[in-house]
Q: 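The structure follows.
Chain A is the first sequence line, chain B the second, and so forth, proteins listed ahead of strands; every chain is numbered from 1. Because the structure is a prediction, the values reported are computed rather than measured.
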Amino acid sequence: MTVHLDFSALTKTKRSEYAVRFLFGGAVTMIAGLLAEHFGPVLGGLFLAFPAIFPASATLVEKHEKQKKEKAGMNGVKRGRQAAALDARGAAMGCLGLICFAIVVWKALPVWNALLVLALATAAWLGVATVVWNIRRRC
Amino acid sequence: MVSLFATLADVVKPKSFAGLLGAAPSVALASLGLAILTQGRNYAALESRSMSIGAVAFFFYSSSCMRILAKTRLGATYVTVCILVLWFSCSLGIWFLLLR
């Protein structure tokens, strides 16, 4: 299956569900900043990789999959859990990219242009995560 | 930034690929951008070094969530929130051993 965008999925997500993720992400960003200010960047930096939106995303994936199966007259509880597990597997693969993102920023930021480094690090995250996802899909 | 990645995760198919976005550097991009502007690049680079440890902890956290969700009857909200304890202990443990 090729990677593609399905914009009809946007209609399935309620505004309140987006709001929860926005507020949670914003709160974690603020907490990370406050912790860095109080305890210094060495401890505060840990929270830049806090699973901020993952719990909400996995819950939504489970809920939507369950609703879809129940609409078709089936018990969607198990399928919902499986979909959330699949989401978690994807996040684990994304974490390998996230480690590369952090290393690129750590090593390159003191010497290169900040905007370029953030763009390169984001490309490294996406590249590594996609390669790992492709390898896992073929195995 | 967080909303952008969350929206992208909703529209990207297949689901296994969309899962990658659950570990997108959304909080990091926002926080690092602010840190660079207010504290400078060296400060943000130090934060990133610690972030790599947080990302390793995130890997163990999400792998554990995957296994527990696949093998038990527990719901996603319960599992993903309770296992956050693992992220905290893992990241603080590695931080204590390597960076303190």
Side-chain angles (χ1 to χ4, degrees), chain A residues 1 3-7 9-10 13 18 21-22 25-26 28-29 32-33 36 41-55 57-59 61-62 81-96 98-99 101-103 105-106 109-110 114 118 122 125 129 133, chain B residues 2-3 5-7 9-36 41-59 61-63 65-66 69-70 75-77 80-81 84 87 91-92 95 99:
Chain A
M1 185 186 251
V3 177
H4 63 280
L5 300 177
D6 175 15
F7 290 99
L10 288 175
T13 307
Y18 282 117
R21 287 187 281 188
F22 175 77
V28 171
T29 306
V42 180
L43 183 62
L46 288 177
F47 289 85
L48 300 188
F50 183 77
I53 55 167
F54 174 72
S57 300
T59 303
V61 165
E62 182 189 42
R81 258 198 324 264
Q82 286 172 340
L86 197 65
D87 196 53
R89 191 175 79 173
M93 292 186 270
C95 285
L96 300 174
L98 201 60
I99 295 167
F101 173 94
I103 292 171
V105 176
W106 169 31
L109 196 56
L118 290 180
T122 307
W125 163 73
W133 177 78
Chain B
V2 173
S3 298
F5 278 107
T7 308
D10 280 345
V11 298
V12 169
K13 300 283 177 232
K15 279 197 187 75
S16 60
F17 189 84
L20 299 178
L21 294 154
S26 49
V27 172
L29 281 168
S31 299
L32 286 171
L34 285 172
I36 291 165
R41 289 187 298 175
N42 288 329
Y43 183 94
L46 263 182
E47 280 193 321
S48 300
R49 187 181 64 165
S50 298
M51 184 197 161
S52 62
I53 289 172
V56 171
F58 196 167
F59 175 78
Y61 162 81
S62 48
S63 302
C65 286
M66 176 191 77
L69 283 166
T77 310
T80 53
V81 172
L84 281 175
W87 182 86
S91 56
L92 289 173
W95 172 81
L99 297 181

Q: Between chain A and each of B/Gly22, B/Ala18, B/Gly75, B/Pro25, count heavy-atom pairs under 4.5 Å; write down the option with the most.
A: B/Pro25

Q: Flag the pair B/Val27 / A/Phe50 as yes when at least one side-chain heavy-atom distance between them is below 4.5 Å, and no otherwise.
A: no

Q: Under a 4.5 Å heavy-atom cutoff, which of A/Ala129, A/Gly90, A/Ala114 has the most pairs with chain B?
A: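 Heavy-atom pair counts peak at A/Gly90.
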
Q: Pick from A/Gly45, A/Pro41, A/Cys95, A/Ala102: which one has the most heavy-atom pairs with chain B under 4.5 Å?
A: A/Pro41

Q: Under 3.5 Å, side chain of B/Ser50 to main-chain N/O of A/Val42, donor-acceptor pair present?
A: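 Answer holds: yes.
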
Q: Side chain, backbone, both or neither: which part of A/Ala52 has a heavy atom under 4.5 Å from chain B?
A: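 For A/Ala52, side-chain heavy atoms alone lie under 4.5 Å from chain B.
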
Q: Can you name the closest pair of heavy atoms from B/Ser62 and A/Ala91 and give their distance?
A: OG-C, 3.9 Å

Q: Quick one: what part of A/Glu62 sits under 4.5 Å from any heavy atom of chain B, side chain, backbone, both or neither?
A: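 Only the side chain of A/Glu62 comes within 4.5 Å of chain B.
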
Q: With heavy-atom distances below 4.5 Å as the criterion, would you say the side chains of A/Phe47 and B/Ser31 are in contact?
A: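 Contact flag for A/Phe47/B/Ser31 side chains = no.
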
Q: Considering only heavy atoms, which portion of B/Phe59 lies under 4.5 Å from any heavy atom of chain A: side chain, backbone, both, or neither?
A: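 Answer is both: backbone and side chain atoms of B/Phe59 are under 4.5 Å from chain A.
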
Q: What is the distance from atom CE of A/Met93 to atom OG of B/Ser63, rounded to the nearest 0.5 Å?
A: 10.0 Å

Q: Distance from A/Ile99 atom CD1 to B/Met51 atom CE, nearest 0.5 Å?
A: 9.5 Å

Q: Sort out for me which of B/Ala24, B/Ala57, B/Gly33 touches chain A most, counting heavy-atom pairs under 4.5 Å.
A: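 The option with the most such pairs is B/Ala24.
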
Q: How far apart are the closest heavy atoms of A/Leu109 and B/Ala45, and which atoms are they?
A: CD2-N, 3.8 Å

Q: Answer with side chain, backbone, both or neither: which region of B/Leu46 has an atom nearer than 4.5 Å to a non-hydrogen atom of chain A?
A: both

Q: What's the shortest heavy-atom distance between A/Gly94 and B/Leu20, and which atoms?
A: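 Shortest heavy-atom contact: N-CD2, 3.7 Å.
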
Q: Does any non-hydrogen side-chain atom of A/Phe101 lie less than 4.5 Å from one of B/Leu29?
A: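 Counting from C-beta outward, B/Leu29 and A/Phe101 do come under 4.5 Å.
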
Q: For B/Ala76 and A/Ala58, which heavy atoms make the closest approach, and how far apart are they?
A: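 In terms of heavy atoms, the two residues are closest at CB-O, 3.9 Å.
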
Q: Considering all heavy atoms of both residues, which atom of B/Tyr61 and which atom of A/Pro55 are nearest to each other, and what is their separation?
A: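 The pair with the smallest heavy-atom distance is OH-CG, 3.7 Å.
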
Q: Could you pull out the closest heavy-atom pair between A/Ala49 and B/Phe58, with the gap in Å?
A: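 Heavy atoms of A/Ala49 and B/Phe58 come nearest at O-CD1, 3.5 Å.
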
Q: Among residues at least two apart in sequence or on other chains, which ones pass side-chain contact (heavy atoms from CB on, under 4.5 Å) with A/Ser57?
A: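 Listed in chain order: A/Arg21, A/Ile53, A/Asp87.
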
